[in-house]
Protein chains: 2
Amino acid sequence: MARIKTDKNISRKDVIVTKAAALFREKGFKAASMRDLAEAVGVEAASLYNHIKSKTELLHELCFSVANRFTHKIDEIEAEPISSIQKVEKLLRFHIHEMIHHYEEVYVSDREWKHLADPYLSNFQNQRRIYRKRFAAIIEAGIRNKEIKKIDAPTAVLIMLHAISGIESWHRSTQKISAEELEENMITILVGGLVNH
Amino acid sequence: MARIKTDKNISRKDVIVTKAAALFREKGFKAASMRDLAEAVGVEAASLYNHIKSKTELLHELCFSVANRFTHKIDEIEAEPISSIQKVEKLLRFHIHEMIHHYEEVYVSDREWKHLADPYLSNFQNQRRIYRKRFAAIIEAGIRNKEIKKIDAPTAVLIMLHAISGIESWHRSTQKISAEELEENMITILVGGLVNH
DNA sequence: TAAAACAACTAACGAATGTTAGCAACCTTT
DNA sequence: AAAGGTTGCTAACATTCGTTAGTTGTTTTA
């Protein structure tokens, strides 16, 4: 009976959630089976249920842990006494870091949230909608004081968020530029597309 | 026995493929069942097999019809005697049009190609890789003659392509700006992020 | 060291999935 | 109107799925 290996401060459930993120990212939530997950963890499928309630619970945990990180970050940035364009840049850099260093989680949260069930689904959609509105509000403030081009702010938000999800392809590519170069290139293009020249 | 309704020049198979695109977009390929599709078409599940070979065939058709359209377009644009930045803009506008007017197909091709089976999977990945290289080559030419900022071209391609897939959110939003405004905003931001000021 | 808790196992369940077989109804052509 | 092809139906299949029950082994607690 090979137990799930755990270090201190990392529960068996955490191990399962992490492996689930990798698996859901690779195959998609629906296509990834609990038997696949069990194999990745090194255990029988039924044994997983000593640690988790359901497959969907895994998705909840992933989606909301990511969503909460972004919500906290925008709380923080909104409060800072810096220009709008600096706020946008900070937010973008945070998105880029998250996408680089917590790839699997963020990716799953981004692509697989559709498979959440209510009430989680509605909650998640709400949280996302509000986040985007707050992001758009920062951009709109920047437009008002002429830091940023006259553009439709919600459209700009869409572009920014989706552009960053392109880091997915960077992860999968064989000839990667460094993470730092990637970040600087993205900032150059995206912020460059916003600022008023 | 209610037959699948067809107009002239549109086969029953076409009807099924179109409905499949909508369904795969809404639920994802794996989560959409043939019984769901049958219901959308107005027929029993087994009856679908008089017109198609398999569920996967539907995905092939969708993915490659989209991929081929993009390949043909880049063939066309490469041959035109215009500046690099104009080529980029033309390509972006084509992507935007496709994403606006053939939303379901394009979205499915973009998100669900992972569920293709070999040899289709490899073919598709190849076609995509080559397309992106050709796109990057256009950008690199623009960098060489100083039309475009010094940036990593493959990264720029990722940003452009993924940014455009953000139109997905525009489709789902209730308060839409017009398609024309959307297009102009996207071009402003994306081309603005590339050009050398 | 005995008892309690935790975490693994095997077996199986009911539901859902893609697909096939066999047959009936419809349409087109002759 | 007969014949043949097309398109639909019902029934069923083999798998796979998420999950539960019941049990055994292992670790922690007292």
Side-chain angles (χ1 to χ4, degrees), chain A residues 1-21 23-24 26-63 108 112 114-118 120-121, chain B residues 1-21 23-24 26-63 108 112 114-118 120-121:
Chain A
M1 267 198 204
R3 298 200 140 199
I4 300 176
K5 290 182 186 170
T6 61
D7 296 348
K8 207 166 58 177
N9 283 345
I10 193 170
S11 69
R12 278 170 239 270
K13 181 168 177 175
D14 291 336
V15 174
I16 295 172
V17 171
T18 303
K19 294 278 186 186
L23 203 67
F24 293 170
E26 190 193 331
K27 301 193 157 197
F29 176 74
K30 272 283 174 183
S33 75
M34 294 304 278
R35 286 167 178 85
D36 290 336
L37 178 56
E39 192 181 353
V41 171
V43 104
E44 291 298 317
S47 308
L48 297 172
Y49 288 84
N50 286 317
H51 307 282
I52 61 163
K53 288 209 299 288
S54 66
K55 186 187 183 187
T56 330
E57 188 203 3
L58 293 169
L59 191 59
H60 304 161
E61 302 239 338
L62 289 168
C63 288
V108 169
E112 306 293 334
K114 280 188 188 181
H115 299 105
L116 287 170
D118 267 326
Y120 297 99
L121 179 59
Chain B
M1 267 198 204
R3 299 201 141 199
I4 300 176
K5 289 181 186 170
T6 61
D7 296 347
K8 206 166 59 177
N9 282 345
I10 194 170
S11 69
R12 277 170 239 269
K13 181 167 178 176
D14 291 337
V15 174
I16 294 172
V17 171
T18 303
K19 293 279 186 186
L23 205 66
F24 294 170
E26 190 193 331
K27 301 193 157 199
F29 177 74
K30 273 283 175 181
S33 76
M34 294 304 278
R35 286 167 178 84
D36 290 337
L37 178 56
E39 193 182 351
V41 171
V43 104
E44 291 299 316
S47 307
L48 298 171
Y49 289 85
N50 286 318
H51 307 281
I52 62 164
K53 286 209 299 289
S54 66
K55 187 187 183 187
T56 328
E57 188 202 5
L58 293 169
L59 192 59
H60 304 161
E61 302 239 337
L62 288 168
C63 287
V108 169
E112 306 292 334
K114 281 188 187 182
H115 300 104
L116 287 171
D118 267 325
Y120 297 99
L121 179 59

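Residue numbers begin at 1 in each chain, while the letters A, B, ... track the order of the sequences. The shown structure was predicted, so the numbers you read here are calculated from the model rather than taken from an experiment.
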> Look at the side-chain N and O atoms of A:Ser33 and state whether any lies under 4.0 Å from the OP1 or OP2 oxygen of D:dT16.
no
> In whole angstrom, what separates A:His115's NE2 from D:dG18's C1'?
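Distance check: A:His115 NE2 to D:dG18 C1' gives 15 Å.
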> Once you round to the nearest 0.5 Å, how far does CE of B:Met34 lie from OG of B:Ser47?
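B:Met34 CE to B:Ser47 OG: 11.0 Å, rounded to 0.5 Å.
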> Which listed nucleotide (D:dT10, C:dT19, C:dC9) is nearest to the side chain of B:Glu44?
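Of the options given, the side chain of B:Glu44 lies nearest D:dT10.
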> If you compare all heavy atoms of B:Leu23 against all heavy atoms of B:Leu37, which two are closest, and at what distance to 0.1 Å?
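So the minimum-distance heavy-atom pair works out to CD2-N, 3.4 Å.
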> Relative to the 5' end of DNA chain D, which residue comes earlier, A:Asn50 or A:Lys30, by the nucleotide with the nearest heavy atom?
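Comparing both residues, the 5'-ward one is A:Lys30.
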> Do B:Lys19 and B:Phe24 meet the cation-pi criteria used here (NZ or CZ under 6.0 Å from the six-membered ring centre, within 45° of the axis)?
no
> Establish, with yes or no, whether the OP1 or OP2 oxygen of D:dT7 is under 4.0 angstrom from a side-chain nitrogen or oxygen of B:Ser47.
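So the side-chain polar atoms of B:Ser47 never come under 4.0 Å of the phosphate oxygens OP1 or OP2 of D:dT7.
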> So which one's nearest nucleotide on DNA chain C is more toward 5', B:Ala32 or A:Ala46?
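Looking at the nearest nucleotide for each, A:Ala46 comes out on the 5' side.
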> Assess whether atom NZ of A:Lys114 is packed by more than 12 heavy atoms of other residues, nucleotides or ligands within 6.0 Å.
yes
> Grab the CG-P distance between A:Leu48 and C:dA8 for me, whole Å please.
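Taking atom P of C:dA8 as the reference, CG of A:Leu48 is at 9 Å.
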> Rounded to the Å, how far apart are A:Asp36 CG and D:dT15 C1'?
14 Å
> Salt bridge between B:Glu57 and B:Lys13, side-chain N to carboxylate O under 4.0 Å?
yes
> Does A:Arg12 place a side-chain N or O at less than 4.0 Å from the phosphate oxygens OP1/OP2 of C:dA7?
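So the side chain of A:Arg12 is within the cut-off, an N or O lying under 4.0 Å from OP1 or OP2 of C:dA7.
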> In this structure, how many angstroms lie between the C1' atom of C:dG18 and the CG atom of B:Leu59, rounded?
15 Å
> Expressed as a whole number of angstroms, how long is the span from B:Lys55:NZ to C:dA16:P?
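That distance rounds to 15 Å.
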> Can you check the B:Tyr49 OH to D:dT10 C1' distance for me, whole Å?
16 Å
> Measure CD1/B:Ile16 against C1'/D:dT7 and give the value in whole Å, please.
10 Å
> Can you tell me which nucleotide in D:dC9, D:dC17, C:dT19 comes closest to the side chain of B:Ala45?
C:dT19
> Which listed nucleotide (C:dA8, C:dG18, D:dT19) is nearest to the side chain of A:Val43?
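My answer, after comparing the listed nucleotides, is C:dA8.
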> Would you say a side-chain N or O of B:His51 is under 4.0 Å from OP1 or OP2 of D:dT6?
no
> Rounding to a whole Å, what distance do you find between A:Met34:CE and C:dA8:P?
13 Å
